[in-house]
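Since the structure comes first, as C-alpha cells, the remarks are kept for the end.
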Amino acid sequence: MLSRKEIMIKLRQTTSLLLLVLAWGSAWAQSVSGPQQSAGSTQQPAGSGQQEGTPPPPAFGQDNPPPRPIENPPLSGLDEPALEPTITPRSFLLPGLEISESADSNIAGQAGNSSIHSVTRAMGSLTLQRLWSRYDTALNYVAGAAFYGAKGIGANQVHDLNADQKILWRTGQLSLRDSFSYLPEGSFGGGSFGGASGLQLGAGGIGNGFLGGGVFGGHSNFFGPGQLGSLGQEPRITNVGLVDVVEQLSPRDFFGPGQFGTLGQQPRITNLGLADVVQNLSPRASVTVAGAYGLMHFTNNNLGLIDSRQVTTQAGYNYSLSRRDQIALVYGYQNFRFPGGGADTFATHVASVLYGHTISGRMNFVIGGGPQLTQTNDVLGRHQHLSASGRAMLRYRFPKASVGLYYDRYDTNGSGFFPGAVSDIARMNYERQLGRLWDLYADVGYTHNKRVQQDLLFGVNSAFYNYGYAGGGLHRQLGPDFSLFMAYQFSDLAFDSSFCTVGPNFIFTTSCSRGSQRHVLSFGLDWHPRPIRLD
C-alpha cells in the first residue's frame, strides 16, 4: 500500500515527465513542419466544435490541397464528427479557476444511512492546443482539492491530466493519447466535482475544437450555447458547465479503465495510454488500428475494492456509402487482470457491425452491435460465455439547444466492486440557452453491471449492481471572464444483496444495506480569462 507522500511523489514525477515529452514533441514538430499558418489562412477560431485542427487532406487527389475539416471520420476510430465543422481551431492557451460549495447528504457513502455535510472545492485548470501543418498537440490539466466537513475525512486532492499528440500525413494520422487521474471517487457522474454539472473548467467550455471530438470526454463536448468558442473576431471561450474531463461514453471507453459506480471516498489512480492509426485506402475506404493499456489502483482500500489492469486492441474497416452514411466492421480484444485479488484473468473477443449517419453541423447518429465471447478463469474453473455487445448514439443540435443520447454494452473491469462485469451504460445530456446570459443543462446516467467471475475475498459479494444519477443546473455569465452556477444531483447505488460499509473513521462497521443514496446541491463561481492566442 503506497503512502500519501509516495503517491504525491509519483504524481509529480508523472506530470513532469509528460510535460517534458509534450514540450520536446512540440518543439521538434515546429522545426520539422516549418512556419505556422497566419491568421488569414485556413485555420479558424477554436472551441467551435471542429473535429481536428489540421486534418490530413483527401486520400487521393492533388498533392498539396488546402487543409479541410473531416466532417465524417471513420466509425471505428476514436475521433467523432463535429457539430460545427465549418470552423477550424487555432492554437491557444487557456487558464481557469473555480470555487464551489456543496451540501452533500452522504459523503462517506454509508449504506442505509446519511447526514448532511459541507464540501468546499477549489480547482484550477490549464488548457493548451498547439497546431502545426502536420503535428497537433493538446493538453488539459485540472487540479485542486476538496475539503469535507464530515469528521474523519478531511481533504482529498483532485488531479485530471489529458494529453493528445497527432502526427498527420496525406492519407492518415497517428494519435498518441494519455489520460491520467487521481480522484477521490469514481468518474461516472462526476462525484469528485460535486456532480456531473459541477465542473466549469478546462475542456468543458471548448467544444469539439480540441483534436478530435473524442479526446477529452467524448460525446458531451458538443453541448453549449451558440457563442461557444469564438477565438476569431470575439476571442473568448464561453463556459457551459459540463464535465468533459471525466469519464463519458465514447468509443474510447471500450479501452478502459471503467469506473461506473462509486461508494464513498475511495481515492484511486487511473491511467489510460492509447495509440491509434487511421489510414485511408481510397476516397471511400479506410482502416483503423488501436491499442491501449489501462490501470486502476485504489490507494486507501479499506473496503477491499479490486485493482485492475486492462490490455485492449481494436481494428476496423470503414466504407462510406455516401457523404453522410458509413458502415464499419470492427473487431476488439480485451484482457483483464486483477493484481492482489483471488480471481486470475479473463478475456473478451468482440465483433461488431456499425452504421453511422451524419448531417454536418446538425446531427450524428451511430448504431451497431454484434457477439462477444467472454473466456473466464476463476475459482470455479475455465468457462466461455457468448453474449451481445452494442452501441447506439444520437447527438442533435437545435438552434438554441443540444441533446445527446448514448448507450453501450461491453465487458468492463467491474469498477472495483467485481472482478469484471458485463456493463450496460446509458446517458442523456440536454442543454438550452436561455437568453443571452443564462444556460439550463441536465445530465442523466444509468449503468447495470453483472458479475463476470467469482472472487470470494475481494470486492462486493453480489451478482449485479445498478448505479444511476440525475441532475442539472443553471449557469449565468457575470461578465467577460466570470460566471455563476447552481447545480443539483441525485445518485443511487443498489446491489442485489445486502453489503456493509464503514464509517468516516474507517474503523467501525456502521450499517448494512442493499444500497446507498446521495443528494448534492452546489453553488460556485468560475473565472475564465480571454484565451491567449499562440498563432
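Quick caveat, the model's predicted, so the values are computed rather than measured.
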Practice problem: Compare all side-chain heavy atoms of Arg90 with those of Leu131 and state whether any distance is below 4.5 angstrom. | Solution: no
Self-check item: Asn280 to Gly172 - nearest heavy-atom pair and separation
Solution: ND2-N, 4.2 Å
Quiz item: Okay, side chain of Arg432, backbone of Lys400: is any donor-acceptor separation there less than 3.5 Å?
Solution: no
Quiz item: Quick one: are His357 and Ile359 in side-chain contact, heavy atoms under 4.5 Å?
Solution: yes
Quiz item: Any side-chain heavy atom of Asp526 sitting closer than 4.5 Å to one from His475?
Solution: yes
Self-check item: Separation between CG of Leu394 and OH of Tyr406, rounded to the nearest 0.5 Å
Solution: 8.5 Å
Quiz item: Residues in side-chain hydrogen bond (donor to acceptor under 3.5 Å, both in side chains) with Tyr319, at least two apart?
Solution: none
Quiz prompt | Distance-only donor-acceptor check, side chains Asp411 and Thr374, under 3.5 Å | solution = yes
Quiz item: Can you name the residues that form a side chain to side chain contact (heavy atoms under 4.5 Å, CB included) with Leu440, not counting sequence neighbours?
Solution: Leu434, Leu474
Practice problem: Apply the test side chain to side chain contact (heavy atoms under 4.5 Å, CB included) to residues Phe188 and Arg427: give CA-CA distance (whole Å), side-chain angles for both, the deciding distance (0.1 Å), then the verdict. | Solution: CA-CA 10 Å; Phe188 188 66; Arg427 287 192 75 235; 3.6 Å; yes
Quiz item: Under the side chain to side chain contact (heavy atoms under 4.5 Å, CB included) test, which residues partner Ser491, sequence neighbours left out?
Solution: Tyr467, Tyr469, Arg518
Quiz item: To the nearest 0.5 Å, what is the distance between CZ (Arg268) and CG (Leu183)?
Solution: 7.5 Å
Quiz item: So, do Arg323 and Asn72 sit near enough that their side-chain heavy atoms are less than 4.5 Å apart?
Solution: no
Quiz prompt | Distance-only polar pair, side chains of Asp439 and Tyr441, donor-acceptor under 3.5 Å | solution = no
Self-check item: With sequence neighbours excluded, residues passing salt bridge (Lys or Arg N to Asp or Glu O under 4.0 Å) with Arg409
Solution: Asp424
Self-check item: Interatomic spacing from OH in Tyr410 to OG1 in Thr348 - rounded to 0.5 Å
Solution: 12.0 Å
Exercise. Give the C-alpha distance, both sets of side-chain angles, the deciding distance and a yes or no for side chain to side chain contact (heavy atoms under 4.5 Å, CB included) between Leu493 and Tyr465.
Key: CA-CA 7 Å; Leu493 175 68; Tyr465 77 89; 3.6 Å; yes
Quiz item: Which atoms form the tightest heavy-atom contact between Asp492 and Ala494, and what is the distance?
Solution: OD2-CB, 3.9 Å
Practice problem: Output yes when a side-chain donor or acceptor of Gln129 lies under 3.5 Å from a complementary backbone atom of Leu94, and no otherwise. | Solution: no
Quiz item: What heavy-atom pair brings Ala290 and Phe255 nearest, and what distance separates the two atoms?
Solution: CB-CZ, 3.8 Å
Self-check item: Asp496 and Arg451 ion-paired at < 4.0 Å
Solution: no
Self-check item: side chain to side chain contact (heavy atoms under 4.5 Å, CB included) between Trp169 and Leu174, worked out
Solution: CA-CA 9 Å; Trp169 57 91; Leu174 166 66; 3.8 Å; yes
Self-check item: Side chain proximity check, Gln259 to Glu185, heavy atoms < 4.5 angstrom
Solution: no
Quiz item: Does some side-chain heavy atom of Phe485 sit less than 4.5 Å from a side-chain heavy atom of Ser100?
Solution: yes
Practice problem: Report yes if some heavy atom in the side chain of Asn449 is under 4.5 Å from a heavy atom in the side chain of Phe417; otherwise report no. | Solution: no
Quiz item: Any side-chain donor paired with an acceptor under 3.5 Å for Ser181 and Asp160?
Solution: no
Practice problem: Starting at OG of Ser423, measure out to NZ of Lys450 and round the result to the nearest 0.5 Å. | Solution: 12.0 Å
Quiz prompt | Parallel, tilted or perpendicular: rings of His159 and Tyr141 (30°, 60°) | solution = parallel
Quiz prompt | Single hit among Ile167, Asp164, Val277, Leu168 for side-chain contact (heavy atoms from CB on, under 4.5 Å) with Ser175 | solution = Asp164
Quiz item: Under 3.5 Å, side chain of Ser402 to main-chain N/O of Glu431, donor-acceptor pair present?
Solution: no
Practice problem: Examine Tyr331 together with Tyr333 and report whether their ring centres are nearer than 6.0 Å. | Solution: no
Quiz item: Do Arg530 and Phe92 have side-chain heavy atoms sitting under 4.5 Å apart?
Solution: no
Quiz item: Distance only, no hydrogens: is a donor on one side chain within 3.5 Å (strictly under) of an acceptor on the other, for Gln334 and Thr312?
Solution: no
Self-check item: Arg130 CZ to Asp136 CG distance, which is reported to the nearest 0.5 Å
Solution: 10.5 Å
Quiz item: Do Thr376 and His385 have side-chain atoms, one donor and one acceptor, less than 3.5 Å apart?
Solution: no
Exercise. State, to 0.1 Å, how close Leu272 and Ala292 come at their nearest heavy-atom pair, and which atoms those are.
Key: CD1-CB, 3.8 Å
Practice problem: Please name all residues satisfying side chain to side chain contact (heavy atoms under 4.5 Å, CB included) with Val278, sequence neighbours left out, ordered by chain then number. | Solution: Pro74, Gln173, Thr288
Practice problem: With rounding to the nearest 0.5 Å, note down the distance linking CD1 in Ile367 to CZ in Phe365. | Solution: 4.5 Å
Quiz item: At their closest point, which heavy atom of Gly416 faces which heavy atom of Met296, and how far apart are they?
Solution: N-CE, 3.7 Å
Exercise. Go through the structure and list residues passing side chain to side chain contact (heavy atoms under 4.5 Å, CB included) with Leu354, not counting sequence neighbours.
Key: Leu75, Ala328, Val330, Arg391
Quiz item: For the residue pair Phe336 and Asn413, what are the closest heavy atoms and their distance?
Solution: CE2-N, 3.6 Å
Practice problem: Dump the intermediate steps for side chain to side chain contact (heavy atoms under 4.5 Å, CB included) on Leu126 and Leu128, then the final yes or no. | Solution: CA-CA 7 Å; Leu126 184 64; Leu128 167 70; 5.8 Å; no
